[in-house]
Amino acid sequence: MSQSKSASILITGATGNVGKELVKYLATKEVPFRAMVRSMDRSKDLESITLPGVEIIKGDFNDPESLENEIKGIEKAFLLTNSSELAEQQQTAFVMAAARAGVKHIVKLSQWAADVNSPVRFLRYHAVIENLIKESGMAYTFLRPNLFMQGLLGFRETIIRQNQFFGAIGDSRISMVHTSDIAAAAGEALTSSAHEGKVYDLTGPESLTHYEMAEKLSAALGRQIEFVDITPNDLKQTLLYVGFTEWQAEGLVEDYAHYKLGEAAEVKSGVREATGKQARSFDFFVNEYASQFSV
Ligand SMILES: NC(=O)c1ccc[n+]([C@@H]2O[C@H](COP(=O)([O-])OP(=O)(O)OC[C@H]3O[C@@H](n4cnc5c(N)ncnc54)[C@H](OP(=O)(O)O)[C@@H]3O)[C@@H](O)[C@H]2O)c1
């Protein structure tokens, strides 16, 4: 891995769910890029990337000075943080630093239905940052994915141990999306000017209830998997138990209340528009990840 600073594309969140897929996508296409990681220990996950011109650098959203340094010379940046109480502040610092450094185009990982007036805190902060990027004068592409299919991996333990997964969504439908499709949309937006000024709603090709997801999972795994609908309060307690902060757990409960209203059920053509390819299905996901849901 080269340490020189020659690439014109910067990837943040490179060690996360979407970022890792994006790193693979760009490497497969032999596109040089710089990946920002907050700890070089975490960069071990990216060691398979041996493409000349790929740079792994240390940078922290909570350290605006480090950001300025990492952004120097960059033309296009992919902006992703995890959702926490700090996300709005972190992303604001990044956008300001990018504008000062002369970045031309930001591809922002946002969320389906981002809106400053949403009752869902994640959707409010994403909308605030989208607006800030628009006001900065930099070109933008906003990727607004629906619930990630890979979120089911959060229930890996209960699916393995008790053949169950949980949610507070009842029988409402949701058009979940595969993280590889989000990464492909980001990769295309970072490597072509055709996506400037675009907002892509990213969904899978179908809208499923969690009961239907359980049926598909059962078929792929060859054993009965049950979806258990729980109350919002039980969902919150479960999320706190597995390590989410209060702010995040309450945010996820808000997310599920919005899903339960059927507000994330529509199937959109964003993946095809951004990538030219059909979105991956939930069947594809469960077959791809089947081994991870069994001992
Ligand atoms: N999950 C869903 O269903 C869903 C749906 C729609 C939209 N979204 C949005 O997707 C985003 C999360 O994407 P994801 O799941 O790919 O995230 P993730 O797996 O949680 O990864 C977060 C990334 O941010 C990095 N990071 C965290 N704090 C940092 C800091 N202080 N400085 C530098 N890097 C830092 C992490 O690095 P480390 O590896 O060092 O921790 C990691 O690479 C959120 O904005 C969320 O709103 C999620």
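Counting convention: from 1, in listed order, for ligands and their atoms alike. Scope of the values below: all heavy atoms of this structure, side chains included, with no hydrogens, waters or symmetry mates.
At a heavy-atom cutoff of 4.0 Å, ligand 1 is contacted by the side chain of Tyr125 but not by its backbone. Of all the heavy atoms of Phe61, the ones lying under 4.0 Å from any atom of ligand 1 are found in both the backbone and the side chain. Under 4.0 Å from ligand 1, the heavy atoms of Ser110 that appear belong solely to its backbone. Contacts between Asn146 and ligand 1, counted as non-hydrogen atom pairs separated by less than 4.0 Å, involve the backbone only. For Ala14, every heavy-atom contact with ligand 1 shorter than 4.0 Å involves the backbone, none the side chain.
The option with the heavy atom closest to atom 6 (C) of ligand 1, from among Gly59, Ala114, Pro145, is Pro145. Taking only non-hydrogen atoms, the option from Thr81, Asn62, Val18 nearest to atom 11 (C) of ligand 1 is Thr81. Looking at Leu152, Leu252, Ile182, Leu109, it is Leu109 that brings a heavy atom closest to atom 10 (O) of ligand 1.
Residue Lys198 places its NZ atom among more than 12 non-hydrogen atoms of other residues, nucleotides or ligands, all under 6.0 Å distant. Enclosure of atom CZ in Phe166 by more than 12 non-hydrogen atoms of other residues, nucleotides or ligands within 6.0 angstrom is indicated.
Of the charged side-chain nitrogens involved, none lies within less than 4.0 Å of a carboxylate oxygen, so that Lys108 and Glu130 do not count as a salt-bridged pair. Salt bridge annotation for Arg173-Glu212: present, with a cationic side-chain nitrogen under 4.0 angstrom from a carboxylate oxygen.
Nearest protein heavy-atom contact of atom 17 (O) of ligand 1 is Leu80 CD2, 3.8 Å. Regarding atom 5 (C) of ligand 1, its nearest protein heavy-atom neighbour is Phe148 CE2, 3.3 Å.
Neither side chain, Thr158 nor Gln162, offers a donor N or O lying under 3.5 Å from an acceptor on the other.
When ring centroids are compared, Phe282 and Phe284 stay outside the 6.0 Å threshold.
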